[in-house]
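Read the structure below first, then the notes.
Worth saying up front: this structure is predicted, and the values here are computed from it rather than measured.
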Amino acid sequence: MSDAPASVSKDFIRELIAADVAAQRNEGWVITRFPPEPNGYLHIGHAKSICLNFGLALENAPKSRCHLRFDDTNPVKEEVEYVHSIQEDVKWLGFDWGQNLFYASDYFEKLYGFAVQLIEKGLAYVDDQTLEQVRAHRGSLTQPGTPSPYRDRSVAENKDMFARMRAGEFREGERILRAKIDMASPNMNLRDPVIYRILHAHHHRTGDAWCIYPMYDYAHPLSDALEGITHSLCTLEFEHHRPLYEWLIDNVDGLPGKPYQREFARLNLTYTVMSKRKLLEMVKAGLVNGWDDPRMPTISGIRRRGYTPASVRVFCETIGLTKYPSLTELALLEHCVREDLNKHAQRVYGVLRPLKVVITNYPEGQVEEVELVNNPEDPEAGKRRVPLSRELYIERDDFMEHPVPDFHRLVPGGEVRLKYAFCIICHEVVKDAAGEVVELRCTYDDATRRGVKPVGRPKVKGTIHWVSAAQALDVQVRLYDKLFTEAQPDEAAGEEGSFTQFLNPASLEVVTAKLEPSVASASGGAHYQFERVGYFYTDPKDSRPGAPVFNRTVALKDGFAKGK
RNA sequence: UGCCUCAUGGUGUAACGGUAGCACAGCAGAUUCUGAAUCUGCUUGUCUAGGUUCAAAUCCUAGUGAGGCAACCA
């Protein structure tokens, strides 16, 4: 089984797990979990966690599994819409939780029992203080807290009070259950943390069965233990919750498992904001067209943009896993899609900003078919036929009346190759009254067909794509670009500003492009490369039979544009 | 003015006391019926100061810088 070269370097979590497996901790089982709260849509940062947790299960098979658990302990923020979208997104990424779908709310009764146990052990008490009083007693970062006057209530009174909390005798905020740990701890999380609060709210799964709900810090470690989780992986901001996690695992009796928590740095991406709160803000303000707007860093957004699951998985592997709060360049994500799509995307000719070309020596009314390669990276992809006639469209960018140095596409008097057709020479530039170039009159050279370079003539430097005017399809194409103009919108905004002031006004441009007729049959959800232009994805929502709508996933790298 | 964690090219990471490597980005060149892809080469790095050691990115001490922490959120 293990004859593979084990020399590949592991991140600190994988090393830890490998050591646990080697030491036969938990009989060598590795059981992880991805535990989102269903209070919003998943984003690319969650993908990192999903790939880690589910990846770990895959890597450590067969004694392994990864649970999908909804951390639904705060009914006022959670909605079923989100539990559906989260499942869809995890599946899309290519992961399978099998039978292991859980909800923290499944454990409410057990969690309540554990709380009673803590009360009986003298490790939890009901506090009657107001929120403000609790806050005041907690101390500060530099000053220790002071005990609540209710801290030394008798076990009997605590049990009675807690039962009455559950029975709904109190209003929200009137009572809380606290773990009795250490009001003087330098770790604020240990200053008698709240473990239950009263919420007269309807829960999306338990309905009105409960009016007290466990806090994350309480429910999470115990849920992990109940599910037999061995390794509970979360992001760095939970680092100082770890002592509380361990306190609960150590002080609650009857837990079937003994998980431990480790933390890693969350993903940060340039030109992106990653918090659910800010994404929600943009959705609500109508700054984007919903959670699945292709400019959003949500899984549903990047899916609609045309990113592939494989490219996201490769990205998540590539960024690594450390405790350093890094900032990854968006360019790396883009590289990952290009790499995937280059190998798999069907090539097609599409002109985003059309300029008419008339080939004056090509017979009027004649239409021929030219054979084009579907994907030079994949011979199996075969060929297709595309019409060619006297009137064509080429990209406006592929012509310059007054060329800059090193421009080797079409210029007045110059020659360029129409890919897979023949070479043309531009003889006349037709302009409208405003001086705008509206048409090029060219001649073609029959001796240059099939890529032939006639002997004794210099090689034509430029090769451009084209579409036959009469057969071209007018298609809506959405040109997406980065959502923000600043690499770090939050940093740039500072304390007083808002990240929204750095929204890129050019993040979406809609054009009517001229496409080769073969794409008429394209359905939603297909990947294409428009040759020399970029990768495009037929929008799954807005495409109609015979009328696809294309989203630009990412542009092709452009060495010429860069040099300018 | 506390506690915790972290610090390797522009960016992300590897090196587990013994040649600082890889990827992205950038820059050249080769190649190309996509200025893409591919191939080749190049530029750029161990936060600072001490110490331990034959040998330190790695261990120790101090400093500096960064991130996190005072919801009845997760």
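Using a 4.0 Å heavy-atom criterion, one finds that A/N74 contacts the sugar-phosphate atoms exclusively. Within 4.0 Å (heavy atoms only), A/Y196 reaches no atom of the nucleic acid at all. Nucleic acid contact for A/T235: none, since no nucleic acid atom lies under 4.0 Å from a heavy atom of the residue. Residue A/E37 is in sugar-phosphate contact alone, with no base atom involved, counting any heavy-atom pair closer than 4.0 Å across all strands shown. Using a 4.0 Å heavy-atom criterion, one finds that A/H241 contacts the bases of the nucleic acid, with or without backbone contacts as well. At a threshold of 4.0 angstrom between heavy atoms, the contacts of A/R242 with the nucleic acid are absent. Among the atoms of the strands shown, none is found under 4.0 Å from any heavy atom of A/S185. Here A/P376 lies in heavy-atom contact (under 4.0 Å) with a base. Among the protein residues, A/I176 comes within range of the nucleic acid bases, having at least one heavy atom under 4.0 Å from a base atom. If you check every strand for non-hydrogen atoms under 4.0 Å, A/K459 touches sugar and phosphate atoms only. Nucleic acid contact for A/T73: sugar-phosphate only, since backbone atoms but no base atoms lie under 4.0 Å from a heavy atom of the residue. Using a 4.0 Å heavy-atom criterion, one finds that A/Q129 contacts the bases of the nucleic acid, with or without backbone contacts as well. Within 4.0 Å (heavy atoms only), A/K323 reaches sugar-phosphate atoms of the nucleic acid but no base atom.
Under the Watson-Crick or G-U wobble criterion, with both distances below 3.5 Å, B/U31 has no partner in any strand shown. With both pairing distances under 3.5 Å, B/A62 is matched to B/U48 as a Watson-Crick or G-U wobble pair. When Watson-Crick and G-U wobble pairs are counted only if both distances are under 3.5 Å, B/C42 pairs with B/G26. Across all strands shown, B/U8 forms no Watson-Crick or G-U wobble pair with both key distances under 3.5 Å. With a 3.5 Å ceiling on both atom-pair distances, the Watson-Crick or G-U wobble partner of B/G21 is B/U13. Pairing partner, B/A37: none, since no Watson-Crick or wobble contact has both distances short of 3.5 Å. B/A71: no Watson-Crick or G-U partner with both key distances under 3.5 Å is found in any strand. With a cut-off of 3.5 Å on both Watson-Crick or G-U wobble distances, the partner of B/U1 is given as none.
In this structure, A/D128 places its CG atom 14 Å from C1' of B/C72, rounding to the nearest Å. As a whole-Å value, the separation of A/Y535 OH from B/A36 C1' is 7 Å. The distance between atom CG of A/N39 and atom C1' of B/C73, rounded to the nearest whole Å, is 9 Å. For the pair A/Y271 OH and B/U11 P, the computed distance is 13 Å after rounding to whole Å. Counting to the nearest Å, the P atom of B/U13 and the CZ atom of A/R14 are 14 Å from each other. Taking atom CG of residue A/L244 and atom C1' of nucleotide B/A74, one finds them 14 Å apart after rounding to whole Å.
The same atom, C1', is picked in B/G41 and in B/C47; the two are 31 Å apart, to the nearest Å. Spacing between B/C27 and B/A36 at atom P, rounded to whole Å, works out to 11 Å. When the C1' atom is used for both B/U8 and B/A14, the distance is 10 Å, rounded to whole Å. When the C1' atom is used for both B/G12 and B/U38, the distance is 24 Å, rounded to whole Å. Comparing the same atom, C1', in B/A23 and in B/G63 gives a spacing of 34 Å after rounding to whole Å. Nucleotides B/A74 and B/U5 are separated by 25 Å at their P atoms, to the nearest Å. Across the P atoms, B/A25 and B/U40 are found 16 Å apart, a figure rounded to whole Å. Across B/A55 and B/A15, the matching C1' atoms stand 16 Å from one another, rounded to whole Å.
A distance of 6.0 Å or more separates the ring centres of A/W466 and A/Y393. Two rings, from A/H203 and A/F108, have their centers less than 6.0 Å apart. Here A/F550 and A/F530 bring their ring centres to under 6.0 angstrom of each other. Aromatic rings of A/Y444 and A/F422 (six-membered ring for Trp) have centroids within the 6.0 Å cut-off, being under it.
Side-chain N/O atoms of A/R191 include none lying less than 4.0 angstrom from OP1 or OP2 on B/G2. One finds a side-chain N or O of A/S326 lying less than 4.0 angstrom from the OP1 or OP2 phosphate oxygen of B/U13. At least one side-chain nitrogen or oxygen of A/K557 sits closer than 4.0 Å to the OP1 or OP2 atom of B/A37. Distances shown here put every side-chain N or O of A/H465 at or beyond 4.0 Å from the OP1 or OP2 atom of B/U34. Residue A/R138 has a polar side-chain atom (N or O) positioned under 4.0 Å from OP1 or OP2 of B/C72. Residue A/R197 places at least one side-chain N or O closer than 4.0 Å to OP1 or OP2 of B/C73. Between A/R135 and B/A71, a side-chain N or O to OP1/OP2 separation shorter than 4.0 Å is present. For the OP1/OP2 pair of B/A23 and a distance below 4.0 Å, the side-chain nitrogens and oxygens of A/T318 include no atom meeting the criterion.
Ion pairing between a basic and an acidic side chain is recognised when a charged N comes within 4.0 Å of a carboxylate O; A/K180 and A/D127 show no such pairing. Here A/R384 pairs with A/E516 in a salt bridge; the nearest charged N to carboxylate O distance falls below 4.0 Å.
Nearest-nucleotide positions on RNA chain B for A/F12 and A/Y324 put A/Y324 closer to the 5' end. Place A/L199 and A/Y420 on RNA chain B by their nearest nucleotides, and A/Y420 ends up nearer the 5' end.
Counting distance only, with no hydrogens placed and no angle test, the side-chain atoms of A/R532 and the base atoms of B/G35 include no donor-acceptor pair under 3.5 Å. One cannot find a donor-acceptor pair under 3.5 Å joining the base of B/U5 and the side-chain atoms of A/E263. No N or O donor and acceptor, one from the side chain of A/Q143 and one from the base of B/G2, sit under 3.5 Å apart.
Figure legend: A/R69 and A/F102 shown without cation-pi pairing, the cationic atom not lying both under 6.0 angstrom from the six-membered ring centre and within 45 degrees of its axis.
Side-chain atoms of A/Y107 and A/E227 include a donor-acceptor pair closer than 3.5 Å.
Taking the six-membered ring for Trp and thresholds of 30 and 60 degrees, A/Y216 and A/F238 have ring planes inclined between 30 and 60 degrees apart.
For A/F560 and B/G35, the ring-to-base geometry satisfies the stacking test (centroid distance below 5.5 Å, interplanar angle below 30°). Centre separation under 5.5 Å together with a plane angle under 30° holds for the ring of A/H408 and the six-membered base ring of B/G35, marking them as stacked.
For A/K343, the NZ atom sits in a packed shell: over 12 heavy atoms of surrounding residues, nucleotides or ligands are nearer than 6.0 Å.
Nucleotide B/A66 carries an anti base; the chi torsion (O4'-C1'-N9-C4 or O4'-C1'-N1-C2) is more than 90° from 0.
The side chain of A/V134 lies closest to B/C72, out of B/A74, B/C72, B/C24. Closest to the side chain of A/H335, from the set B/C73, B/U34, B/C24, is B/C24.
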